[in-house]
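The block underneath contains the structure these notes are about, expressed in structure tokens.
In this chain, numbering begins with 1 at the start of the sequence shown.
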Amino acid sequence: MTGKNLTGFLYALRVVTPLPNHGHSPGMRHSNDSNTMAATSVTRTPGGPDMERGMSMRRSAAALVLVPALALSGCTGGKTFDNPTTARITQGNHEALDVSILRVAESDFQAFSSPEALAKDQSIVTAGVVDGWQEGPALATYPNGPLEHRVFLRIKVTDPLKGVGEKKMVFVDLFRGAVVRDDFRKPEEWLPRKSLEDFEKSIPTGTRAVVFADERIPREDPVVKNGDAVPDDAVLTGPPPQGLVFEDQTRVRQKSAGDQTLVGGIEPLDVAGTRSGWTEPKNMDDLISRLKSHGFSE
């Protein structure tokens, strides 16, 4: 104990996430964390049932919103300020699926009305199982401010549907969320609020998933810290807001016939409205079969 009181602040980051240029541009994203406040609202623009194009997004300069959090105790070894582990999380002994850890930002985009419409637009589509989480890079996105931390979701390919080729793994590059302010460190040394263990507990290893994404292009912002390496038999991808769908095993065990067991990752399945084709598949096998029936199969 040092006897000093440390007051914590969460930085709510309006993130500009580069995505490959396939007719859509990066969009505004801001924190949606329950402990943060947004400076301005960002409106989703749902597409109609025949929407066949991708995200229509407005690029914005990055903005920071400083938001007070809980006062921290005087222990310098407090958990909030511990260095995040770089260990690769591989243990799948948790059951609850909690996608709120991915919904820390909102986007202004035109939603695709069906999985096959999104699959047509993206260069990589695959079904698989979560293989764990690992450190992504830290980027100098905000001049003289905190770094933007990324996290990689590893997906072991089971059903390559489009653009996967011989790759055995698909890595999904995701925003890690807020950092915690520490006045005893420089802003670029502030640490992510969420650890790899938090991500593993929320979306555990073994969870079935479908990924719609494009291969990650070189980053626009300087990379200050490299993340864990991506192996040669994997491809690093960046998904659009509708690009991750998981199957909740708790729902699978508890469901009655016809119950929905799929969960949207970054955005809810019904983001495109009640006429959306996203809610028609009731489980992961249904979703994979639907994509294959529309010609997506390798």
Contact between [X] and [Y] at the side-chain level, heavy atoms closer than 4.5 Å - yes or no?
X: L191; Y: D182; result: no
X: E135; Y: V151; result: no
X: T141; Y: L147; result: no
X: V164; Y: I124; result: yes
X: D121; Y: F112; result: yes

Answer with yes or no whether the side chains of [Y] and [X] bring together a donor and an acceptor at under 3.5 Å.
X: D214; Y: S123; answer: yes
X: T205; Y: E200; answer: yes
X: D286; Y: S289; answer: no

Calculate, to the nearest 0.5 Å, the distance between atoms [atom1] and [atom2] belonging to [X] and [Y] respectively.
X: D221; Y: R150; atom1: CG; atom2: CZ; answer: 10.0 Å
X: K162; Y: H294; atom1: NZ; atom2: NE2; answer: 13.5 Å
X: I217; Y: T237; atom1: CD1; atom2: OG1; answer: 13.0 Å
X: L161; Y: I288; atom1: CG; atom2: CD1; answer: 7.0 Å

Spell out, as yes or no, whether a donor-acceptor pair under 3.5 Å connects the side chain of [X] to the backbone of [Y].
X: E188; Y: G145; value: no
X: Q242; Y: E267; value: no
X: S113; Y: G277; value: no

Please report the shortest heavy-atom distance between A209 and I155, naming the atom on each side.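 Here A209 and I155 meet closest at CB-CD1, 4.0 Å.
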Would N283 and E247 count as a side-chain contact (heavy atoms from CB on, under 4.5 Å) here? Give the steps. CA-CA 7 Å; N283 55 57; E247 185 172 63; 3.4 Å; yes
The test is side-chain contact (heavy atoms from CB on, under 4.5 Å); show your working for R251 and V263 and say whether it passes. CA-CA 10 Å; R251 294 189 184 187; V263 178; 3.8 Å; yes
State plainly whether one hydrophobic cluster holds both [X] and [Y], where clusters connect Ile, Leu, Val, Met, Phe, Trp and Tyr through side-chain heavy atoms under 4.5 angstrom apart.
X: L244; Y: L97; result: yes
X: V99; Y: V172; result: yes
X: L196; Y: L139; result: no

Do [X] and [Y] sit within salt-bridge range, that is, some charged N less than 4.0 Å from a carboxylate O?
X: D131; Y: R154; result: yes
X: D173; Y: R219; result: yes
X: K168; Y: D233; result: no

Does the plane of the ring in F212 sit parallel, tilted or perpendicular to the ring in W278? Use 30° and 60° as the thresholds.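 F212 and W278: perpendicular rings.
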Run the numbers on L262 and F246 for side-chain contact (heavy atoms from CB on, under 4.5 Å), then give the verdict. CA-CA 6 Å; L262 299 179; F246 299 104; over 6 Å; no
Please check if atom NZ in K167 has more than 12 non-hydrogen atoms from other residues, nucleotides or ligands closer than 6.0 Å.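 It does: K167 NZ has more than 12 such atoms within range.
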Assert yes or no for the condition that the ring centre distance of W190 to Y142 is strictly below 6.0 Å.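 No; Y142 has its ring centre 6.0 Å or more from that of W190.
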Which is it for L102 and F175 under the side-chain contact (heavy atoms from CB on, under 4.5 Å) test, yes or no, and what are the steps along the way? CA-CA 8 Å; L102 301 181; F175 176 44; over 6 Å; no
The single option from L236, V125, T126, L153 passing side-chain contact (heavy atoms from CB on, under 4.5 Å) against V170: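 Exactly one option meets the side-chain contact (heavy atoms from CB on, under 4.5 Å) with V170, and it is T126.
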Among R208, K292, R290, the one residue meeting salt bridge (charged side-chain N to carboxylate O under 4.0 Å, His left out) with D285: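 The single option meeting the salt bridge (charged side-chain N to carboxylate O under 4.0 Å, His left out) with D285 is R208.
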